[in-house]
Amino acid sequence: MVDILYSAVFVKNMKRLAKKYKSFLSDLAQFRKDLIENPSMGTDPNMIANNLEPFRLTHPGEVLKDELEYRGISQKQLAAEMGISYTLLNEVLNGKRQVNTELVLLVEAALDIPAESLLQMQARYNMLTAKRNKSFMEKLQNVRKIVAAL
């Protein structure tokens, strides 16, 4: 008698599990279909690696400074090779001045570091610096409110 009772409970549980499994498979199939149609679905844009903001910003001058140190080239020597003032190069390397197109083309010629990479790094540095400036962000929010009201 006990065996029959356990068998009946077992069968009932198996049917319930089979229903849940079918439902799970159906939900999984729908999710897969939705994901194919919209690949970014369910992804927090702030957690995508390309969207993450670094804790500490890196100025392209820091990268160049490390490169000079690694290669054993002095700032004065590089400035002389590129035909620019030592002061200008020093300010860039210490993050006090931005790199510009002409300077990165000179760096590319002297050190074989891609100019576009340095310009992109400078643009990202500028963008993140602006985003971290609270007074500027408040001004930006005010402009958005005004424009939204138009």
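The chain is numbered in sequence order, starting from 1. This structure is a prediction, so every number in the text was calculated from the model and none was measured.
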| field | Min side-chain heavy-atom separation Val63-Ile113 under 4.5 Å | value | no
| request: Could you grab the distance from atom CG of Leu105 to atom CG of Leu119, nearest 0.5 Å is fine? | output: 7.5 Å
| Heavy-atom neighbours of Arg32 CZ exceed 12 at 6.0 Å | no
| query | Quick check: does any side chain N or O of Gln122 sit under 3.5 Å from a backbone N or O of Gln98, one acting as donor and the other as acceptor? | reply | no
| Spacing of Ile146 atom CD1 and Arg144 atom CZ [to the nearest 0.5 Å] | 12.5 Å
| note | Paired with Asn90, the side-chain hydrogen bond (donor to acceptor under 3.5 Å, both in side chains) test is passed by just one of Arg97, Lys65, Gln75, namely Gln75
| Can you tell me if Glu138 and Asn142 form a side-chain donor-acceptor pair at under 3.5 Å? | no
| task | Kindly compute the distance separating CD (Glu62) from CZ (Arg56), expressed to the nearest 0.5 Å. | result | 4.5 Å
| Where do Lys134 and Met137 land on the side chain to side chain contact (heavy atoms under 4.5 Å, CB included) test, with the steps shown first? | CA-CA 5 Å; Lys134 290 185 192 251; Met137 291 308 289; 5.7 Å; no
| request: First locate atom CG of Leu106, then atom CG of Leu89, and finally report the distance between them rounded to the nearest 0.5 Å. | output: 10.5 Å
| query | Should Val107 and Val99 count as side-chain neighbours, where that means a heavy-atom distance under 4.5 Å? | reply | no
| task | Report whether Leu78 and Leu93 are members of the same hydrophobic cluster (ILVMFWY, side-chain heavy atoms less than 4.5 Å apart, transitive linking). | result | yes
| said: Hydrophobic cluster membership, with links at side-chain heavy-atom distances under 4.5 Å among I/L/V/M/F/W/Y: are Leu128 and Met121 in one? | reply: no
| said: Could you check whether atom CD of Glu69 has more than 12 heavy atoms from other residues, nucleotides or ligands sitting under 6.0 Å from it? | reply: no
| said: I'd like to know if the side chain of Ser26 reaches the main chain of Lys22, judged simply by a donor and an acceptor atom lying under 3.5 Å from each other, with no hydrogens or angles considered. | reply: no
| said: For Ala130 versus Phe136, what's the shortest heavy-atom pair and its separation? | reply: O-CD2, 3.6 Å
| Between atom CD1 of Ile73 and atom CD of Glu67, what is the distance when rounded to the nearest 0.5 Å? | 8.0 Å
| Hey, does Leu57 have a side-chain heavy atom less than 4.5 Å from the side chain of Arg124? | no
| field | Check: Glu102 main-chain N/O paired with Asn100 side-chain donor or acceptor under 3.5 Å | value | yes
| message | Taking atom CG as the centre, does Asp27 end up with more than 12 heavy-atom neighbours from other residues, nucleotides or ligands that are less than 6.0 angstrom away? | response | yes
| request: Consider only side-chain heavy atoms of I, L, V, M, F, W and Y, link residues closer than 4.5 Å, and tell whether Met127 and Leu140 are in one cluster. | output: no
| query | Should Tyr70 and Asp66 count as side-chain neighbours, where that means a heavy-atom distance under 4.5 Å? | reply | no
| field | For Glu108 against Ala115, the heavy-atom pair lying closest together | value | OE2-N, 3.2 Å
| message | Side-chain heavy atoms nearer than 4.5 Å, only ILVMFWY residues, links allowed to pass through others: does that put Leu25 and Phe31 together? | response | no
| message | Could you tell me if the side chain of Leu111 sits less than 4.5 Å from the side chain of Leu68, heavy atoms only? | response | yes
